[in-house]
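Data first, discussion second: the structure below is written as structure tokens.
Sequence lines set the chain letters: A, B, ... in the order given, protein chains first and strands last, and positions in each chain run from 1.
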Amino acid sequence: MVKEQKIRTRIAPSPTGYPHIGTLYQALFNFAPAKKENGAFIVRIEDTDRTRFVEGAEEVIYSILDWSGLTENESPRKLGAFGPYRQSERLMLYRKYVTELLDKGHAYYSYYPKANAGIKKDYAKKVDTSQEVVTNQKPPISIEEMIESGEWIIRMKVPKNTQITFKDEIRGDITFASEQVTDQVLLKSDGFPTYHLAVVVDDHLMGITHVIRGEEWISSTPKHILLYKYFEWDIPLFYHTPDLRNKDKSKLSKRHGHTNVNWYREEGYVPEAILNYLALLGWSHPNEKEIFDINDFIEHFDLGNIRAVGPMFDLVKLTWMNQQYLQNFSLPELKKRIISFYPKAKELKNLEKLIELSQTRMETLKDFEKLTSHFVKTPEVSVTEKEKLIAKDLVVKLNSIENWDSTVIFTAMKEVMTTHGVKMPILYQLLTGSPKGLPLPQSLELLGKDESIARLDAISTS
RNA sequence: GGCCCCAUCGUCUAGUGGCCUAGGACGCCGGGCUUUCAUCCCGGCAACACGGGUUCGACUCCCGUUGGGGUCACCA
């Protein structure tokens with residue numbers, strides 16, 4: 001009998017650069033089910049490709065996890081009972097299992113001349129690459145010798161004329177003819193495993209129960225299934241989530257949109273909004289809610305209910321969602337966010353009041369700086385003769401105000417507008433450099449009588 | 001090109017044989033509120049890719065076509 005096992009999920013990022021939005025998406029869909037069942041969400045670093053390794057990339061992954069609140073239970077920085085969590089530190093393990101495969105006859109040495117390295121196949125043009133691998137040479141005796149020669153690799157043996165079927169929990173059974181599966185390289189000439197060997201060994205050893213990963217892995221899953229069978233291990237549940245898409249429906253990429261999580265962060269998107277938006281891609285809340293927090297998501301998320309259709313990443317809707325979050329923050333919370341995003345905000349007089357006025361006018365935190373720029377310095381505006389007269393009149397009106405208050409200021413402004421037959425945007429332009437923005441009477445009230453009049457004086461006499 | 005996956009408004013989606021003259025959200029258009037701009041409220045436009053079946057009845061099931069995507073590395 002299989003004993004009741006707590007759910008264990010993982011993301012397996014490669015430290016090859018910046019944090020990808022797709023990684024965050026995967027993290028969310030792995031984090032939630034683990035949290036819901038009180039299981040474990042693991043981060044395993046897949047650094048088996050030494051040529052693509054980027055120093056510091058691992059820390060960058062943690063930073064977005066911390067920023068978004070999807071904190072892992074086990075990882076290289078949070079050791080659990082299944083370490084090490086960095087594949088480069090598990091080399092001896094992979095060699096042990098590859099030896100087992102060799103002994104069982106499920107893997108073999110293959111001679112691979114260095115001259116063939118780096119050849120990329122072009123399938124559309126039917127390039128014949130069948131001569132790349134020469135296997136009829138005498139194999140070295142040990143893995144150590146193999147590594148030393150640098151021209152030997154170990155491949156897995158794929159049976160001929162069979163069907164390999166596995167169940168994708170989102171799509172159902174998927175079958176591949178074994179002819180479609182190549183004798184995958186398991187151990188590279190440098191002694192490092194390929195993804196395919198490492199992922200199977202590690203998922204098994206780390207007790208991963210649900211493999212939740214991108215759909216790009218579907219076609220290599222048969223290789224993994226074969227390995228599970230060779231090792232006689234239990235096969236975990238597979239959930240292949242849809243890949244996020246560009247506007248042209250191709251897999252989300254740098255060329256077409258923003259894939260770096262840090263871009264969103266720097267543009268003033270809050271993590272709650274990003275997570276909420278991501279949650280809605282491929283999944284929907286049972287009662288069609290659009291705005292919900294992470295706890296709501298954890299409570300209602302159902303892995304089996306993910307759609308298999310690749311959703312387009314829509315920045316416009318994300319932006320709307322971000323605006324909703326900013327608007328629903330309490331004032332103290334919003335203040336906190338603004339200051340951490342834009343530290344200079346602390347130097348602003350009447351900060352609380354400005355935030356209050358800005359709240360419904362911000363789509364991103366970045367907007368606060370723009371909205372309040374005329375408080376930081378006098379805007380430079382070019383004015384017509386008529387506008388100079390308007391400014392002059394307004395100075396007279398404002399000067400006579402005893403009780404400097406926005407409603408009184410507004411009345412004065414209205415009178416001037418009526419006299420000159422102009423509308424509000426003209427005054428906004430004169431005083432803030434933009435025809436739209438924070439309510440003008442309030443702006444002047446906060447700016448103070450002297451400063452307001454000084455600015456108008458400058459305009460009328462320019 | 002082989003194989004695999006997918007197919008509801010422009011976009012994200014609800015829909016699991018009759019509740020569908022297809023619902024919601026973003027966006028767009030129009031209106032209301034209004035101190036510009038927003039917010040907020042109301043209304044509107046807009047989709048089941050196509051063709052065959054199965055069934056009393058298909059958006060829902062099956063097959064095909066078309067279209068889109070992925071994959072076919074000593075990258076993950």
Side-chain angles (χ1 to χ4, degrees), chain A residues 12-14 16 46-49 51-52 110 112 114 116-126 129 132-133 150-155 168 170-171 174-177 179-182 184-196 198-199 214-222 240 242-243 245 247-251 277 280-291 307-314 316-321 323-324 327 357-363 367 371 406-407 409-410 413-414 417 423-429 432 434-442:
Chain A
S14 302
T16 53
E46 311 235 316
D47 56 350
T48 55
D49 183 355
T51 62
R52 295 203 308 156
S110 175
Y112 194 98
K114 274 184 176 146
N116 283 341
I119 296 175
K120 173 113 185 177
K121 299 179 185 178
D122 187 341
Y123 298 92
K125 290 178 186 164
K126 293 184 179 176
T129 54
E132 276 186 36
V133 179
E151 297 201 315
W152 286 89
I153 54 181
I154 295 173
R155 289 184 183 274
D168 177 276
I170 294 171
R171 289 157 248 260
I174 299 175
T175 301
F176 285 83
E179 282 62 39
Q180 293 297 324
V181 184
T182 53
Q184 178 60 231
V185 173
L186 259 21
L187 207 62
K188 301 184 253 185
S189 58
D190 61 2
F192 277 64
T194 55
Y195 169 84
H196 303 94
V199 76
E215 65 178 328
E216 70 218 66
W217 294 110
I218 289 178
S219 44
S220 47
T221 304
H240 290 99
D243 285 333
R245 308 284 188 86
K247 277 207 168 65
D248 67 356
K249 283 287 181 186
S250 58
K251 197 162 84 168
Y277 177 68
L280 251 14
L281 262 24
W283 183 79
S284 61
H285 194 102
N287 55 27
E288 299 194 1
K289 256 195 200 174
E290 296 279 331
I291 306 285
R307 270 166 58 91
V309 195
M312 213 175 263
F313 191 92
D314 182 11
V316 174
K317 185 156 183 179
L318 202 215
T319 303
W320 166 78
M321 193 158 275
Q323 180 258 108
Q324 290 293 307
Q327 198 171 131
L357 290 174
S358 302
Q359 185 157 218
T360 60
R361 281 169 254 259
M362 286 190 285
E363 288 186 323
D367 291 335
L371 246 16
S406 65
T407 57
I409 297 169
F410 178 53
M413 286 170 58
K414 267 207 293 211
M417 284 191 292
K423 293 254 176 22
M424 265 297 184
I426 300 288
L427 297 188
Y428 275 79
Q429 182 69 47
T432 70
S434 166
K436 55 188 187 175
L438 262 27
L440 197 51
Q442 282 84 342

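- Listed nucleotides B/C74, B/C12, B/C75 differ in distance to A/Arg155; the shortest reach to its side chain belongs to B/C74.
- When rounded to the nearest whole Å, the span between CD of A/Gln359 and P of B/C40 equals 11 Å.
- Mapping A/Asp190 and A/Leu440 onto RNA chain B by nearest heavy atom places A/Leu440 at the nucleotide closer to the 5' end.
- Across all strands shown, A/Pro435 has heavy atoms under 4.0 Å from base atoms, whether or not it also approaches the sugar-phosphate.
- To the nearest angstrom, C1' of B/C26 lies 9 Å from CE of A/Met321.
- For the pair A/Asp248 CG and B/U11 P, the computed distance is 13 Å after rounding to whole Å.
- Nearest to the side chain of A/Thr194, among B/U13, B/C74, B/C40, sits B/C74.
- Summarising the geometry, the separation between CZ on A/Phe313 and C1' on B/G10 is reported as 18 Å, rounded to the nearest angstrom.
- Look at CG on A/Leu357: it is 15 Å from P on B/U35, rounded to the nearest Å.
- A sub-4.0 Å separation between OP1 or OP2 of B/C40 and a side-chain N or O of A/Gln327 is present.
- A donor-acceptor contact under 3.5 Å links the side chain of A/Ser189 to the base of B/C74.
- In a base pair of the Watson-Crick type (N1 to N3 plus N6-O4 or O6-N4) or a G-U wobble (N1-O2 and O6-N3), with each distance short of 3.5 Å, B/C26 is matched with B/G10.
- Comparing atom distances between the A/Ser284 side chain and each of B/U11, B/U13, B/C37 picks out B/U13 as nearest.
- Regarding contacts with the backbone of B/C72, every side-chain N or O of A/Ser220 stays at 4.0 angstrom or more from both OP1 and OP2.
- Residues A/Val316 and A/Met362 both approach RNA chain B. Their nearest nucleotides, taken by heavy-atom distance, put A/Val316 toward the 5′ side.
- Rounded to whole angstrom, the span from the CD atom of A/Glu179 across to the P atom of B/C72 amounts to 18 Å.
- Pair check for B/G1 finds B/C72; Watson-Crick or G-U wobble, both atom distances under 3.5 Å.
- If you check B/U35, B/C6, B/C3 against the side chain of A/Phe176, the one that comes closest is B/C3.
- In this structure, A/Gln324 reaches the B/C40 phosphate: one of its side-chain N or O atoms is under 4.0 Å from OP1 or OP2.
- Taking the six-membered ring where the residue is Trp, A/Trp217 and A/Tyr195 present parallel rings, their angle staying beneath 30° rather than reaching 60°.
- Neither OP1 nor OP2 of B/G70 sits under 4.0 Å from any side-chain N or O of A/Arg245.
- In this structure, CG of A/Leu438 is placed 16 Å from C1' of B/U34, rounded to the nearest angstrom.
- With distances taken from any side-chain atom of A/Glu216 to the nucleotides B/C6, B/U36, B/U71, the minimum falls on B/U71.
- The environment of NZ in A/Lys436 is sparse: at most 12 heavy-atom neighbours from other residues, nucleotides or ligands sit within 6.0 Å.
- Within the structure, every side-chain polar atom (N or O) of A/Lys289 is placed at least 4.0 Å from both OP1 and OP2 of B/A25.
- At the phosphate of B/A7, neither OP1 nor OP2 sits under 4.0 Å from any side-chain N or O atom of A/Arg307.
- For B/A38, the base has a donor-acceptor partner in the side chain of A/Thr360 [N/O atoms by modelled type, under 3.5 angstrom].
- Between A/Lys251 and B/U71 there is a side-chain N or O to OP1 or OP2 distance below 4.0 Å.
- No N or O donor and acceptor, one from the side chain of A/Lys436 and one from the base of B/A38, sit under 3.5 Å apart.
- With its ring centre under 5.5 Å from that of the base six-membered ring and a plane angle below 30°, A/Phe410 counts as stacked on B/U35.
- Nearest heavy-atom pair across A/Phe176 and A/Pro222 is CD1-CG, 3.3 Å.
- The side chain of A/Trp217 has B/A76 as its nearest neighbour among B/C12, B/A76, B/U36.
- With hydrogens and angles ignored, no donor-acceptor pair closer than 3.5 Å exists between the side chain of A/Arg171 and the base of B/C5.
- A salt bridge links A/Arg171 with A/Asp168: the closest approach of a Lys/Arg side-chain nitrogen to an acidic carboxylate oxygen falls below 4.0 angstrom.
- Listed nucleotides B/U13, B/A25, B/G68 differ in distance to A/Trp320; the shortest reach to its side chain belongs to B/A25.
- For the OP1/OP2 pair of B/C3 and a distance below 4.0 Å, the side-chain nitrogens and oxygens of A/Ser219 include no atom meeting the criterion.
- Taking every side-chain heavy atom of A/Ile174 into account, B/C5 is the closest of B/C74, B/C5, B/A7.
- Residue A/Glu46 is classed as a sugar-phosphate contact, given heavy-atom separations below 4.0 Å to backbone atoms only.
- The interatomic distance linking A/Trp283 (CH2) with B/C12 (P) rounds to 17 Å, in whole Å.
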